[in-house]
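First up is the structure itself, then whatever we jot down about it.
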Amino acid sequence: AQVGRSMVGVYGARWRDEAFAAYLRRFGLDAGKKLKEYSRGMRLKLSLAAALAHDPELLVLDEATAGLDPVVRGELIQDERHSIIMSSHITADLEQVADSIAYLHNGQLLFHENKDELLQSYGVLHCGEDVLTSLPAGLVVFTRRGAYGCESLVRERRTVQELLPEAVCDAARLDDIMRFYSGRDAQ
């Protein structure tokens, strides 16, 4: 309750007490409890309630979903009334809700693409070195070589499947894409 009263001083006329109270109820937070009695996840929910209660057009969130239970995490990331820039290592959340993905690695932007196109286009090809060399230039992003063959991140997965019908080319997950791009960047 004290946090809500404090936010009036921060946001002035934009602060909406009724919205804050509704978010507290929605997140299952007791307004009568002291902040020190809240768990980490409860504190995160309180921060989100305070951030959302002044109806911002844009939210910039850093690891905002890490301490939240799956139900609340799903509610937050499905809220389409706010534009959200979210920094997260929880790629499953990003796969569910992001419109676009920008991948920063060691301070460098490795890619920024529409999420749906990214996931539809990329694949993980499993094959031998001899098969890999038959692909046209530009389709292979990065290859990891091992004792039992190659594992490569490829663009245009369907094209690769047509060119190499005997090879296994699985759809790439966001984790795969980031792992391969960061491996390529390390070289």
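Here the structure is a predicted model, which means the values were calculated and not measured.
Not a single donor-acceptor pair under 3.5 Å links the side chain of His112 to the backbone N or O of Leu109.
Residues Leu24 and Leu46 have side chains in contact (heavy-atom distance under 4.5 Å, counting atoms from C-beta outward). Considering only heavy atoms from C-beta on, Val8 comes within 4.5 Å of Asp17 through its side chain. Arg16 is listed as a side-chain neighbour of Asp55, based on a closest heavy-atom distance under 4.5 Å. You'll find the side chain of Lys33 reaches within 4.5 Å of the side chain of Met42, heavy atoms only.
Rounded to the nearest 0.5 Å, atoms CZ (Arg144) and CZ (Phe180) are 5.5 Å apart. Distance check: Ser121 OG to Glu156 CD gives 6.0 Å after rounding to the nearest 0.5 Å. To the nearest 0.5 angstrom, Leu164 atom CG is 13.0 Å from His126 atom NE2. To the nearest 0.5 Å, atom CG of residue Leu125 and atom CG of residue Leu163 are 10.5 Å apart. Note: Leu44 CG to Tyr38 OH = 12.5 Å, rounded to the nearest 0.5 Å.
Of the options Leu52, Leu48, Ile85, a side-chain contact (heavy atoms from CB on, under 4.5 Å) to Leu59 is made by Leu52 and by none of the others. Of the residues Ile101, Ile90, Leu119, Leu118, the one that meets the side-chain contact (heavy atoms from CB on, under 4.5 Å) test with Glu95 is Leu119.
Under 3.5 Å, the side chains of Ser87 and Asp62 contain a donor-acceptor pair of N or O atoms. Neither side chain, Tyr122 nor Glu117, offers a donor N or O lying under 3.5 Å from an acceptor on the other. Side-chain contact annotation: Arg5 with Gln2, donor-acceptor N/O pair under 3.5 Å present.
Between Glu129 and Arg145, at least one side-chain nitrogen of the basic residue sits less than 4.0 Å from a carboxylate oxygen of the acidic one, meeting the salt-bridge criterion. Under a 4.0 Å N-O distance rule, the pair Glu162/Arg157 does not qualify as a salt bridge.
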**OP:** Dump the intermediate steps for side-chain contact (heavy atoms from CB on, under 4.5 Å) on Val141 and Arg155, then the final yes or no.
**Re:** CA-CA 7 Å; Val141 174; Arg155 290 182 180 88; 3.5 Å; yes
**OP:** Walk me through it: do Ile177 and Tyr103 pass the test side-chain contact (heavy atoms from CB on, under 4.5 Å)?
**Re:** CA-CA 10 Å; Ile177 297 167; Tyr103 181 42; over 6 Å; no
Original post:
Checking side-chain contact (heavy atoms from CB on, under 4.5 Å) for the pair Arg173/Asp175: CA distance, chi angles, key distance, verdict?
Top reply: CA-CA 5 Å; Arg173 297 172 325 198; Asp175 280 342; 3.9 Å; yes
Subject >> side-chain contact (heavy atoms from CB on, under 4.5 Å) between Leu132 and Ser152, intermediate numbers included >> reply: CA-CA 9 Å; Leu132 188 61; Ser152 302; 3.5 Å; yes
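Crowding of Arg43 atom CZ: a count of heavy atoms from other residues, nucleotides or ligands under 6.0 Å exceeding 12.
Tyr181 and Phe142 have their aromatic ring centers separated by at least 6.0 angstrom.
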